[in-house]
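In what follows, a structure is listed as structure tokens, so that the remarks can point back to it.
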Amino acid sequence: ECFQVTDGKVGTTENTLEKAIHVFPNPVENILTIETKGNLNLTKIELFDDKGSKINAFSSETRQIDMNTLPSAVYFIKFYTKDGFVSKRIVKL
């Protein structure tokens, strides 16, 4: 179980967000699919390369990302919500 400490408070927001967002397939070759559970409301989605440079930003309604034109590498996708954010590591074949 992961815990997040903020302003002296202990919570599991990061862990809850981690479990509420699923990306697949991973590794991905063409299309990356995003699934959210419950009533999670995404506010923004961003894709970064392994050096931390932002490659693209997507609307909160995006549920598929075309990875076909990107080179094979490790990427990070960052999901923002009103309660915080979570990053997922993606391997592009």
Side-chain angles (χ1 to χ4, degrees):
E1 186 81 28
C2 293
F3 292 95
Q4 179 179 14
V5 179
T6 308
D7 298 331
K9 298 177 184 175
V10 177
T12 59
T13 303
E14 186 176 322
N15 194 33
T16 301
L17 290 176
E18 180 75 28
K19 290 180 180 179
I21 302 169
H22 180 62
V23 292
F24 62 93
N26 191 12
V28 61
E29 200 166 333
N30 297 310
I31 302 296
L32 182 72
T33 300
I34 301 164
E35 259 184 17
T36 58
K37 296 179 182 173
N39 59 356
L40 181 68
N41 291 318
L42 298 176
T43 57
K44 182 170 54 171
I45 302 168
E46 294 178 327
L47 184 66
F48 296 87
D49 66 16
D50 62 345
K51 294 172 183 63
S53 298
K54 184 164 64 169
I55 295 172
N56 207 343
F58 305 94
S59 79
S60 59
E61 287 82 33
T62 301
R63 292 300 177 261
Q64 290 191 323
I65 296 174
D66 186 354
M67 305 280 288
N68 195 40
T69 59
L70 296 174
S72 297
V74 173
Y75 295 92
F76 295 90
I77 188 164
K78 196 169 187 178
F79 299 93
Y80 296 86
T81 73
K82 65 178 179 67
D83 296 319
F85 70 88
V86 66
S87 292
K88 303 265 186 174
R89 181 179 178 270
I90 306 297
V91 176
K92 165 63 168 81
L93 298 177

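- Rounded to the nearest 0.5 angstrom, Lys37 NZ and His22 NE2 are separated by 7.5 Å.
- The number of heavy atoms from other shown groups lying within 6.0 Å of CZ (Arg63) is above 12.
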Evaluate the side chain to side chain contact (heavy atoms under 4.5 Å, CB included) criterion for residues Leu40 and Leu17: first the C-alpha distance (whole Å), next the side-chain angles of each, then the deciding distance (0.1 Å), finally the verdict. CA-CA 8 Å; Leu40 181 68; Leu17 290 176; 3.6 Å; yes

Could you go through the side chain to side chain contact (heavy atoms under 4.5 Å, CB included) check for Val23 and Ile65 one step at a time? CA-CA 10 Å; Val23 292; Ile65 296 174; over 6 Å; no

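- The ring-ring contact (aromatic ring centres under 6.0 Å, His included) test applied to Phe76 returns no partner, not counting sequence neighbours.
- For the pair Asp83 and Thr16, the minimum side-chain heavy-atom distance is 4.5 Å or more.
- Closest non-hydrogen pair, Leu42 versus Thr36, comes out as CD1-CG2, 3.9 Å.
- How far CG of Asn56 is from CG of Leu70: 8.5 Å, rounded to the nearest 0.5 Å.
- Looking at every heavy atom in both residues, Glu18 comes nearest to Ser87 through OE1-O, 4.1 Å.
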Taking it one step at a time, do Val28 and Ile90 satisfy side chain to side chain contact (heavy atoms under 4.5 Å, CB included)? CA-CA 7 Å; Val28 61; Ile90 306 297; 3.7 Å; yes

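- Summarising the geometry, atom CD1 belonging to Ile77 is positioned 9.0 Å from atom CD1 belonging to Ile21; distances are rounded to the nearest 0.5 Å.
- Minimum heavy-atom separation, Tyr75 to Asp49: CD2-CA, 3.9 Å.
- Legend: residues meeting side chain to side chain donor-acceptor pair (under 3.5 Å) with Glu46, ordered by chain and number and at least two apart, are Lys54, Tyr80.
- With rounding to the nearest 0.5 angstrom, the NZ atom of Lys92 is 12.0 Å from the CG atom of Asn26.
- Across every non-hydrogen atom of Ile31 and Pro25, the tightest pair is O-CD, 3.6 Å.
- A 4.5 Å side-chain heavy-atom check between Lys78 and Ile45 finds every atom pair outside the cut-off.
- Contacts of Thr43 classified as side chain to side chain donor-acceptor pair (under 3.5 Å), with partners at least two apart in sequence or in another chain: none.
- The closest side-chain heavy-atom distance from Ile34 to Phe24 is not below 4.5 Å.
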Given side chain to side chain contact (heavy atoms under 4.5 Å, CB included), test Met67 with Leu47 step by step and report yes or no. CA-CA 10 Å; Met67 305 280 288; Leu47 184 66; 4.2 Å; yes

